[in-house]
Number of protein chains: 2
Amino acid sequence: MVTLKQLAKELNVSISTVSKALNNSEEIGEETIKRVKELAALYNYKPNKVALSLKQNKTKTIGVIIPDILNYFLAKVLFGIEREATEHGYNIMTCISNESLEKEISSLQLLANGSVDGFILAVSKETQVKNEISHFVKTINQGLPIVMFDRVANDVMCDKVIVDDFDATYRATKNLVNENRKNIAFISNIDDLSVGKLREKGYLKALSEGNNLKPVVLKINNPEDSPQNIKAFFQANKTIDGVISADSSSGVIAINTALNLGYRVPEDISVIGYSSKSVSNHSIPRLSTIRQHAKEIGANAAQMLIKRLENKAGEADDFSTRIIKTSLIKSDSTL
Amino acid sequence: MVTLKQLAKELNVSISTVSKALNNSEEIGEETIKRVKELAALYNYKPNKVALSLKQNKTKTIGVIIPDILNYFLAKVLFGIEREATEHGYNIMTCISNESLEKEISSLQLLANGSVDGFILAVSKETQVKNEISHFVKTINQGLPIVMFDRVANDVMCDKVIVDDFDATYRATKNLVNENRKNIAFISNIDDLSVGKLREKGYLKALSEGNNLKPVVLKINNPEDSPQNIKAFFQANKTIDGVISADSSSGVIAINTALNLGYRVPEDISVIGYSSKSVSNHSIPRLSTIRQHAKEIGANAAQMLIKRLENKAGEADDFSTRIIKTSLIKSDSTL
DNA sequence: GTGAAAGCGCTAACAG
DNA sequence: CTGTTAGCGCTTTCAC
């Protein structure tokens, strides 16, 4: 990499002249500016990012901590973050916490040494189960703002972007109730997560408002066992005529299992899930889904963080929570 | 963040003493080392990463450019890269090229300003179609090594990690031939990619060795149309009794479509695809798959890059290509 | 055993 | 209009 020093030497001017010329300073003569810029272009000069970061005490880099990159929803949020960040001239450093509290802490510490200006993260499963928040608080006290999305720690004072999980599941369940379904089941492999619990609550609320509707709930511990668990569940509860799936795969698996057992979908069983568009293609009929607008969630999180980073004034504790509304997309697995 | 300067001041010693003490220098007295370390621990001192990078002229950061983060295979490779990098004390900066040449170039340039020590990437679709490689060569000439994985540019001299696409598809097809299938189809929505072409070649080779077997190929341009396209394809080719799918979703969609049309799987139609374990759960019977060991691919790529970065000597052009062998996992969609 | 000083690449206040 | 200087945080050589 060419440095200012080298350009200065070759041009027989001082380093600061070169620097100013490249930054279009008023102080420098037109002719000099031209000469400097030409040489810089020739050598493909680019200011050293590290030196700039050191000088200006900010890195224009965002640390992103994702619990699971193989989760389609989380990956899509990352996509949204990356795009928004790039648009604003920020890079992202990605760490994967693997749903582990320890990795989450170490990732936070690893990047809190000047590598990044702030964090965007979704809380790991273990962290939620243990209800641990001190590492977040510590990071914020060090002066590094955090924006949490989807799975948030309520007790941490920071900006947040969440989904209307409760309402969305409530409305989806209502939808099945209105189809006159009498035995609506709830299937989830994310019972440990805050969002999983919210979704279950939405389901329960809708049932409680129905006419003598009883909850039937299947909680799957290991997603790999979903097909077997769901099959056994259907066999043990033969009158199920509706399914709300809280995670990204149980919905299509429920449809395929129902078909396999000889039910007609949606005539005999109606299904709504939280899958993405592409996964909803994995069953015939296509799964009716609750779309979370993951990219928007990511974009909003990035916007909030960048705004905070660039507003020196806004250091106040005026933290806000944005709720990104889901959409219920009815395909062919509902009436 | 606490700095050496602040510690030095508080301890009434010089900055260099503090620095040496923290690095366990022989030069410093035991007593001093102890005092320094205690205060450092108290203030949770961490050396500023940016300053270190500037001083040592390396960032311990790897730039990763992924064409599509929503592709399960690519996301899994990223996972492998992240894990391996973290283990070796490296961070990763992730850019998503979105299959666009322009974004790929800008990502490369953006990070080639001292932000990263080297790159790991899979070539974007547009780049492969246009067969453009100058931006890679330029980056390498700037002194930033590149490791390519999966979709590689053959003409670029660099380390590579690839999958045995040709062989794997050849063997999978042979498998169906040995089941005595007479009309084996090939379905792909990745015809643009180098790996897509290799897979097709493997399929064609296996057929050519069979007894009067004729290729039947469906190329899908827009993955969103897969269900309709595959259905129409089956209806137009009623004697299909075997399917090789080159991408990550056509396999399960083919099974679901076949069932929907009244075929039995695997009795009437046998299917093998390139899906991941979780997607293979999206059909009953489960899809028999060719597993690519994405995490290993990522880990290998990271190892190769880090080795090159840390071997000052190995600047030679002794570039190597590692081939990660796939495994054929027979589930229930084959005999 | 400890400290002063230089330097990584850059910007900016201040001199000239 | 251009140059000198200091300093961001750190390591390291060289004096003391």
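Each chain gets a letter, A, B and so on, in the order its sequence line appears, and its residues count up from 1. As the structure is a computational prediction, the values presented were derived from the model and not from experiment.
With sequence neighbours left out, the side chain to side chain donor-acceptor pair (under 3.5 Å) criterion links B:Asn300 to B:Arg322. For A:Lys295, the side chain to side chain donor-acceptor pair (under 3.5 Å) test picks out no residue, with sequence neighbours left out. Not a single side chain to side chain donor-acceptor pair (under 3.5 Å) links A:Ser107 to another residue, sequence neighbours left out. Partners of B:Asp117 under the side chain to side chain donor-acceptor pair (under 3.5 Å) rule, at least two apart in sequence or in another chain, are B:Thr59.
Residue pairs satisfying the salt bridge (charged side-chain N to carboxylate O under 4.0 Å, His left out) criterion with at least one member in residues 75-94 of chain A, sequence neighbours excluded, are listed as follows: A:Glu82-B:Lys103. Counting only residues at least two apart or on different chains, the side chain to side chain donor-acceptor pair (under 3.5 Å) pairs with a member in residues 140-155 of chain B are B:Glu99-B:Arg151. Listed by first then second residue, pairs satisfying salt bridge (charged side-chain N to carboxylate O under 4.0 Å, His left out) with a partner in residues 119-139 of chain A read A:Glu126-A:Lys130, not counting sequence neighbours. Residue pairs meeting the salt bridge (charged side-chain N to carboxylate O under 4.0 Å, His left out) criterion with at least one partner in residues 14-28 of chain A, sequence neighbours excluded, are A:Lys20-A:Glu27.
DNA chain D is contacted by no residue of residues 29-43 of chain B, taking any non-hydrogen atom closer than 4.0 Å.
Across the interface with DNA chain C, nearest-nucleotide mapping of B:Ser25 and B:Asn57 shows B:Ser25 to be the residue nearer the 5′ end.
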Return all side-chain donor-acceptor pairs below 3.5 angstrom for residues 34-43 of chain A, not counting sequence neighbours, or 'none' if the list is empty.
{"residue": "A:Arg35", "atom": "NH2", "partner": "A:Leu11", "partner atom": "O", "Å": "3.0"}
{"residue": "A:Lys37", "atom": "NZ", "partner": "A:Asn24", "partner atom": "OD1", "Å": "2.6"}
{"residue": "A:Tyr43", "atom": "OH", "partner": "A:Glu10", "partner atom": "OE1", "Å": "3.3"}
{"residue": "A:Tyr43", "atom": "OH", "partner": "A:Glu10", "partner atom": "OE2", "Å": "2.7"}

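Between A:Leu74 and A:Leu78 the shortest side-chain heavy-atom distance does not fall below 4.5 Å.
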_Base contacts versus sugar-phosphate-only contacts with protein, heavy atoms under 4.0 Å: please encode nucleotides 10-16 of chain D as B, S and - from 5' to 3'._
BBBBB--
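If one axis is set at each end of the helix from C:dG1-D:dC16 to C:dG16-D:dC1 from five pairs, those axes are 60° apart, to 10°.
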